[in-house]
Amino acid sequence: MTEPILSVRDLSIMYTTGRKTGVTAAADVSFDLYPGQSMALVGESGCGKTTLGLGLLRLLPRLGKVSSGEIVYRFKDGMSLDILRLGKEDLRKFRWHEAAMVFQGAMNSFNPVLRIGEHFTDTLRSHEGGERRLTRADIAERAAELLRMVRLEPARVLRSFPHELSGGMKQRILIALALALEPQVLVLDEPTTALDILTQRSIVEQLHELRERLGFAMVFITHDLGLAAELADRVATMYAGRIIETGTAEDVFYEPRHPYTVGLIKAVPPVVGDLPELSSIPGSPPSLADLPSGCSFHPRCGYVRDECTGTRPELTVLTERALDEGHAAACLRAGEIEYTRKVVASA
Amino acid sequence: MPEPRIPAPRRPEAGTTLLELTGVEQTFHTKRGDVPAVAGVDLTVRAGKVLCLVGESGCGKTTTARAAAGLTRPTAGTVRFRGSDVSTLDAKGRQEFREAVQYIHQDPYASLNPVRTVYSTVTAGLRRHGHVRDRAEARRKAAELLERVDLTPAESYLDKYPHQLSGGQRQRVAIARALAMDSEVLIADESTSMLDVSIRVSLLNTLGRLRDQLNVGFLFITHDLAVAKYFAWDGDIAVMYLGRIVEQGPTPQIINDPQHPYTKALISAVCEPDPRLARAKKAVRLRGSEIPSLTELPNGCTFHPRCPLFEADTCDSAAPPLSLLDGGTRLLACHVVARDHEQAGVG
């Protein structure tokens with residue numbers, strides 16, 4: 001039986017602020033990521049997606065701390081390690097070799113005064129291992145190979161400064177850099193946001209292709225449900241720091257069981273086919289420093305009942321399936337949620 | 001009966017031509033040569049209708065919109081408002097034009113003055129042009145405007161500063177400001193693209209009400225075809241590429257049956273929020289992914305280096321004219337598709 005490559009259990013991440021109590025940006029997050037699987041973290045701005053993504057690789061900013069939980073990474077040979085207990089040196093080895101991150105904002109992820117070639121040299125050098133020091137030729141060869149993998153022309157790109165390249169090219173270079181040491185897990189934060197639509201499409205296709213070829217598992221953070229539908233095997237919806245629904249892409253898109261997920265889906269227009277009526281979720285997401293009692297979604301929820309304001313519903317499995325295919329939602333009325341869309345105009 | 005608070009505006013009848021662009025060109029002179037950002041665009045904005053301008057970054061959407069709003073003077077061509085050329089208007093006519101045609105910017109974090117309250121921002125124009133007698137009346141009007149854009153209860157927003165508002169609320173303030181002058185045309189430049197999905201829909205629904213109830217005419221700029229489909233279903237879409245319109249027609253026709261290879265590529269590139277649809281969808285493959293520079297435009301049809309239908313000698317020699325396809329309601333600028341349709345019609 002395949003074991004998950006990454007198991008996250010009850011992970012909570014807190015930001016300490018000037019106030020006495022910190023702000024919990026991710027609370028009791030648990031999930032399993034299986035080898036080769038692709039999981040989308042979706043939700044509105046400020047729901048804790050990016051914090052969780054950074055937390056997986058312990059890349060949190062100084063004020064952020066993992067306050068509880070564990071993140072277990074399993075090697076191919078069955079050995080496992082808790083990322084939260086790694087020392088500095090082991091952590092450095094873990095990052096990029098086993099798991100790598102593509103940060104949000106391709107535009108700003110490069111040092112503007114260094115050529116692309118130097119970024120590759122830096123990355124490869126700082127993570128090199130083994131007996132032999134990498135020669136310049138080794139690095140050039142590896143960089144060229146990586147760039148060709150994302151369909152860029154190495155000779156031109158390696159000589160360029162970041163400002164000489166388009167947003168789409170920079171995003172591809174970031175992906176190539178992240179894959180430099182053949183990690184088994186790739187975390188991508190909003191990989192297509194702020195890119196033009198045709199460029200978005202080419203990044204999506206690139207990711208499909210790379211995943212097929214290299215077989216890495218992927219966690220990607222997005223507010224774009226379209227991207228989740230394109231790339232994800234599994235989808236996890238986050239609200240106010242918690243995963244409130246998780247399931248296969250089919251489960252979540254066709255039979256959402258949390259009113260918040262339903263709300264998100266009903267707010268997104270499709271391009272192909274009928275034109276459904278769109279509706280918005282009333283109100284706005286709560287401040288993480290001042291969460292409503294009980295279910296944090298209750299003030300915006302159309303299904304709210306008295307119990308919802310008192311007890312916080314746990315993420316409960318609705319459909320049990322093998323391994324990674326279960327469908328779970330954190331809603332007291334999950335069984336009653338109906339999802340239908342009214343069609344305004346037929347195609 | 002209570003006195004009507006805002007002097008009942010004479011709203012133009014739905015369908016009346018409000019704003020007309022004819023042969024608009026905008027060339028910027030730079031050190032690197034002339035940049036023809038807009039190269040001959042004809043557009044008509046009608047009361048109660050939406051004209052949606054779509055295309056990639058740098059295709060001239062914003063430059064066109066700015067010329068339409070009278071913010072820049074086009075290098076060639078005319079902008080007419082209610083039939084008169086806006087460049088020849090006298091002071092009074094010019095003021096009427098300025099009041100009737102309003103611009104809503106993309107970034108609500110940058111377009112509001114941070115040291116002005118909502119009240120002050122929304123009523124600046126009214127006070128400047130002497131449309132209100134005193135502060136009490138100005139506050140009443142501001143409250144009405146806020147209610148019209150769903151900022152309720154209005155009283156609680158009047159004395160807030162932009163930093164106390166969310167992105168969606170700020171954008172609503174920007175819209176209220178644009179409506180203050182009883183504007184007839186709103187030019188919305190990617191006004192919803194920075195917002196979260198649910199907030200975006202509620203804003204679009206608000207704009208839709210202004211369109212249907214007040215007969216506001218929209219020039220709506222977006223790169224998101226799904227949003228274009230939703231908001232402009234009863235209106236038109238114009239697709240721009242490198243300063244020219246390449247296809248234009250009623251929204252259902254353009255979305256459901258695109259003819260220009262560029263429009264097809266744009267539509268097929270959209271990530272559908274539906275996993276099965278996303279899997280079944282075949283994206284149009286372009287021959288090149290990078291958009292050419294405006295200073296070095298390709299000969300003939302400027303899309304030919306990327307076009308999957310490219311035919312040597314036809315496409316790279318003369319620019320295709322924008323003409324009616326099959327004598328219908330759709331304008332198209334493509335040699336190959338136009339010829340194929342003609343042959344099919346003759347055969």
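Only heavy atoms go into these numbers, but all of them, side chains included; no hydrogens, no water, no symmetry mates. Order of the sequence lines fixes the chain letters, A, B, ..., with proteins taken first and strands second; residue numbering starts at 1 for each chain. Keep in mind that what you see is a predicted model, and the values were worked out from it rather than measured.
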**Q** Tell me, side chain or backbone of A:P282 under 4.5 Å from chain B's heavy atoms, or both, or neither?
**A** neither
**Q** When only pairs under 4.5 Å are counted, which of B:D274, B:N205, B:I255 shares the most heavy-atom pairs with chain A?
**A**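 Going by pairs under 4.5 Å, I would pick B:D274.
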**Q** Find the one option among A:V344, A:V252, A:I197 whose heavy-atom pairs under 4.5 Å with chain B are most numerous.
**A** A:I197
**Q** Heavy-atom pairs under 4.5 Å with chain A are the metric here; pick the option from B:G168, B:S202, B:A228, B:S268 that has the most.
**A** B:S202
**Q** Using non-hydrogen atoms only, which part of B:L277 is less than 4.5 Å away from chain A: side chain, backbone, both, or neither?
**A** both
**Q** Would you say NZ of B:K49 has more than 12 non-hydrogen atoms from neighbouring residues, nucleotides or ligands within 6.0 angstrom?
**A**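 Open.
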**Q** Please report the closest heavy-atom contact between A:F253 and B:P273, naming both atoms and the distance.
**A**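 Reported closest heavy-atom pair: CD2-O, 3.4 Å.
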**Q** Test your reading of the model: is there a side-chain donor-acceptor pair from B:D196 to the backbone of A:S45, 3.5 Å cut-off?
**A**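 Between the backbone of A:S45 and the side chain of B:D196 there is a qualifying donor-acceptor contact (under 3.5 Å).
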**Q** Should we say atom CZ of B:R287 is surrounded by more than 12 heavy atoms from elsewhere, each under 6.0 Å from it?
**A** yes
**Q** Taking all atoms of both residues into account, what is the closest heavy-atom pair of A:P270 and B:K229, and its distance?
**A** O-CD, 3.4 Å
**Q** Counting only heavy atoms not in B:R244, do more than 12 fall under 6.0 Å of its CZ?
**A** no
**Q** So, B:S198 side chain and A:A267 main chain: donor-acceptor pair closer than 3.5 Å or not?
**A** no
**Q** With no hydrogens and no angle check, is any side-chain donor or acceptor of B:E272 less than 3.5 Å from a backbone partner on A:V271?
**A**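 Yes.
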**Q** Looking at A:V272 and B:K281, what are the two nearest heavy atoms and their distance?
**A** CG2-NZ, 4.0 Å
**Q** By a 4.5 Å heavy-atom criterion (distance strictly below it), what part of B:R276 contacts chain A: side chain, backbone, both, or neither?
**A**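 For B:R276, heavy atoms of backbone and side chain both lie under 4.5 Å from chain A.
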**Q** Side chain, backbone, both or neither: which part of A:S279 has a non-hydrogen atom closer than 4.5 Å to chain B?
**A** backbone
**Q** Name the region of A:A249, side chain, backbone, both or neither, that has any atom closer than 4.5 Å to a heavy atom of chain B.
**A**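 Looking at A:A249, backbone and side chain both touch chain B.
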**Q** Rounded to the nearest 0.5 Å, what's the gap from CG on A:L278 to OH on B:Y230? Could you check?
**A** 4.0 Å
**Q** Can you tell me how far apart CZ (B:R285) and CD (A:E205) are? Round to the nearest 0.5 Å.
**A**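 It is 4.5 Å, given to the nearest 0.5 Å.
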**Q** Calculate, to the nearest 0.5 Å, the distance between atoms CG and CD belonging to B:L195 and A:E44 respectively.
**A** 11.0 Å
**Q** What is the distance from atom CG of A:L198 to atom NE2 of B:H223, rounded to the nearest 0.5 Å?
**A**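 So the gap between those two atoms works out to 11.0 Å.
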**Q** side-chain contact (heavy atoms from CB on, under 4.5 Å) between B:V197 and A:L225: does it pass, once the steps are laid out?
**A** CA-CA 9 Å; B:V197 284; A:L225 289 181; 5.6 Å; no
**Q** Let me know if B:N256 has heavy atoms under 4.5 Å from chain A in its side chain, its backbone, both or neither.
**A** side chain
**Q** Which bit of B:L286 comes within less than 4.5 Å of chain A, counting heavy atoms only: side chain, backbone, both or neither?
**A**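 Side chain only.
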**Q** Non-hydrogen atoms of chain B under 4.5 Å away: do they reach the side chain of A:V204, the backbone, both or neither?
**A**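 Only the side chain of A:V204 comes within 4.5 Å of chain B.
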**Q** Heavy-atom distance under 4.5 Å to chain A: side chain of B:F231, backbone, both or neither?
**A** neither
**Q** Atom CD1 in B:I291, atom CG in A:D196: separation rounded to 0.5 Å?
**A** 7.0 Å
